[in-house]
Structures are given as C-alpha cells and as structure tokens.
S.K.: 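Sharing a structure with you now.
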2 protein chains.
Amino acid sequence: MTIAEVSKKIGLSPDTLRYYERIGLIPRVNRNGSGIRNYTEEDCKWIEFIKCMRSAGVQVEALVEYVTLLQQGDETIEARKQILIEQREKLLSRIEEMERALERLSFKIKEYETKLIPAENKLKRLAHNL
Amino acid sequence: MTIAEVSKKIGLSPDTLRYYERIGLIPRVNRNGSGIRNYTEEDCKWIEFIKCMRSAGVQVEALVEYVTLLQQGDETIEARKQILIEQREKLLSRIEEMERALERLSFKIKEYETKLIPAENKLKRLAHNL
DNA sequence: CCTTGACTTGGAGTTAACTCCAAGTATCAA
DNA sequence: TTGATACTTGGAGTTAACTCCAAGTCAAGG
C-alpha cells in the first residue's frame, strides 16, 4: 500500500504518517526500489492502533517508548506491560475529570432551561469594566 | 484575596491567572489603590469553574466566548446555552473516544497477563531495521 | 533612607504535535 | 521528450495554551 492509500484508509495525513515514522512511532516502513514506502497490512494495523491511542490523548512519547521496547525483543515484555497499565490509569483519571466537567455543564444547561438565570450572572456587574 | 492566595487556593499559577484575565477568560478583577488585584469570592467561583472546564479539555476560545456573551446581558442567554450544549456534546464524544482506547488498552494488557504474546510482536521482524 | 519582596505590565519564549515547504527524483501519459 | 504527478528528505513554520522575563512600582521592615 502506498502512503496515499494508507492515509485515506486510516485517516491520517501523509505528512503525519511520515512524521510518525521519523520519530519512531511507526517502525520503519519498507521501501520499493525507488525509495517509495510500501505499507503492509501489519503496518496498517499498528497505525490504526496508534491513531486510536492518539485520538484518546495518549502522548506520542509514551507510544514511542512502547515501540522502542517492542523492537528490543522479549526481555522488555514486562516494561511494555507497565507502560500500557500506566496509560490506562491516565486515561481513566482523565475520563473521570471529564465526567466531572460534564456534570457541571449539564447542571448549568438545566439552569438555562428552567429560566432560573444562572449564578454567574452576578458577574454581569463587572460588565462596565470592559 | 491576592493573586497568590487565589493561586494557592485554586491551583493555577499567578501567571496563568493573569493570562486568563488578559485574554478575557476571567472578567477584569478589581484592583486596589496601587493596582494590585483583589479577587472576590465570585471571582474565585468563576475561576474554579474555568479550571474544571479547562482540565476537561474545553477550549479556552469557547470559554472566552461564553464570558464575552455573559457580559453583554440577557439577550445572549440563548447563545450562551448553545455554547454549553455544544461543549457538552464535544465532551461526550471525547469520552467515548477515550473509552474505545481504554478497551483496546485493557485487551492488550490482558494479552500480556496471559503470556499470550501480543499480535504486534510480529513487528519485531522489523527490529533489524533500527 | 534603603533594601526586600510581592506585585504590575507587555512581550518574548516554550512545548507538543503536527503541518507545510523546498529541492530533488522517479514514473507515466501524450 | 516533456510535462504533470506523486513521492522522497530534512528542516522550517504553526497552533494552543501557557510560562517566563525585564523593567518598573509600591508598602513594610531594619
């Protein structure tokens, strides 16, 4: 598969795909005789996983570390697992944070719906400062 | 309350508090005779709300827009409500995205736990490229 | 009176993660 | 053969959201 095909299939720009490879987030992709990338199914699956992680906010750095360990063989299994566990923790607490915000948003929206004008309307007294 | 007190109480740096005020995320805080900020309880409540939204990833831009409308009075109530609803949608879909990632992470971790070495170990064949 | 320390402002610098660009090469249709 | 198109690389530019800094002011302690 060419970079354009992978880009379309997965939904990451060619620039992003090349960038990911440069920084080691994607293991080096094989090239044909004239240096053009030829992605395998395996590459695609990995890229798709990376996309999923990135869109959830997992940091590039953590993923690069994981790939690096992956390429060092079986002695790194435990370290890799730890990375995954750590990232899961981070995701979980991030989701909790978002759910707290969600609740507050919903509460405010409800205030607006009941025409009970919300508390921060008191801030209006500050309007003359603008 | 001084900026140092608010900073400590809420957990945002004085620099961030000044920055938020500069860009209009916090309505202008009153100053004493010598130009030093004197935060009210109201200010604090608002800042705390902003912190909650920001830590959930709500964009500064949307919050600034909300504050701006707030200071324009009651004709903007509907517009403000729409902003809140839009942000709630965004948060929801973001949470869903993260939960998908969470599931994949958990699945991978389980693979590691059962010593069923994970699929991407096939990527190891690329290790010689490094 | 002088220094210390907390504050003020406007503006420059930083970080993560892209995103774009220039210069060069290869392939392919006309 | 000659563009046009798609790719290559390394490096520069962009964006959001801070974070830091320099230069200045002011109140309080010694």
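When reading the values below, keep in mind they use all heavy atoms of this one structure, side chains included, and skip hydrogens, waters and symmetry mates. Every chain is numbered from 1 and lettered A, B, ... according to where its sequence line falls, protein lines coming before strand lines. From a predicted model like this one, the values you see are computed outputs, not experimental measurements.
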S.K.: Let me have a per-nucleotide readout for nucleotides 5-10 of chain C, 5' to 3', with B, S or -, counting only protein heavy atoms under 4.0 Å.
M.R.: --SBBB
S.K.: Tell me the interatomic distance from A:Leu17, atom CG, to D:dA6, atom C1', rounded to whole angstroms.
M.R.: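 Nearest whole value for this atom pair: 15 Å.
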S.K.: Without decimals, in angstroms, what is the distance between A:Tyr39 OH and D:dA6 P?
M.R.: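 The answer, rounded to whole Å, is 16 Å.
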S.K.: Determine, for B:Lys9 against B:Glu41, whether the closest basic-nitrogen to carboxylate-oxygen distance falls under 4.0 angstrom.
M.R.: yes
S.K.: Is A:Arg94 paired with A:Glu97 through a side-chain N to carboxylate O contact shorter than 4.0 Å?
M.R.: yes
S.K.: Donor-acceptor check, side chain of A:Arg54 to backbone of A:Cys52, threshold 3.5 angstrom: yes or no?
M.R.: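 Not at all, since once roles are kept as given, no pair shorter than 3.5 Å links the two residues.
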S.K.: Quick one: is B:Tyr20 getting a side-chain N or O under 4.0 Å of the D:dC18 phosphate, OP1 or OP2?
M.R.: yes
S.K.: Can you check the A:Asn30 CG to D:dT8 C1' distance for me, whole Å?
M.R.: 16 Å
S.K.: What is the separation between atom CD on A:Glu61 and atom P on C:dA17, rounded to the nearest whole Å?
M.R.: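 After rounding, the gap between these two atoms is 8 Å.
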S.K.: Does A:Lys108 count as lying over the ring of B:Tyr66, i.e. NZ or CZ under 6.0 Å from the six-ring centre, within 45 degrees of the axis?
M.R.: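 Relative to the ring axis of B:Tyr66, which defines the angle, A:Lys108 lies outside at least one limit.
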S.K.: According to a strict under-4.0 Å criterion, is A:Arg54 in side-chain N/O contact with OP1 or OP2 of C:dA16?
M.R.: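 False: A:Arg54 side-chain N/O out of range (4.0 Å or more) of C:dA16 OP1/OP2.
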S.K.: Between NZ of B:Lys8 and CD1 of B:Ile10, what distance do you get to the nearest 0.5 Å?
M.R.: 13.5 Å
S.K.: Measure the CE-CG distance between B:Met98 and A:Leu91 for me, rounded to the nearest 0.5 Å.
M.R.: 5.0 Å
S.K.: Find the distance B:Ile23:CD1 to D:dT15:P and express it as a whole number of Å.
M.R.: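 Answer to the nearest Å: 17 Å.
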S.K.: In this structure, how many angstroms lie between the C1' atom of D:dC18 and the CG atom of B:Leu25, rounded?
M.R.: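 To the nearest whole Å, that distance equals 12 Å.
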S.K.: Output the rounded distance in Å from CG (A:Leu63) to P (C:dA16).
M.R.: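 Atom CG in A:Leu63 sits about 14 Å away from atom P in C:dA16.
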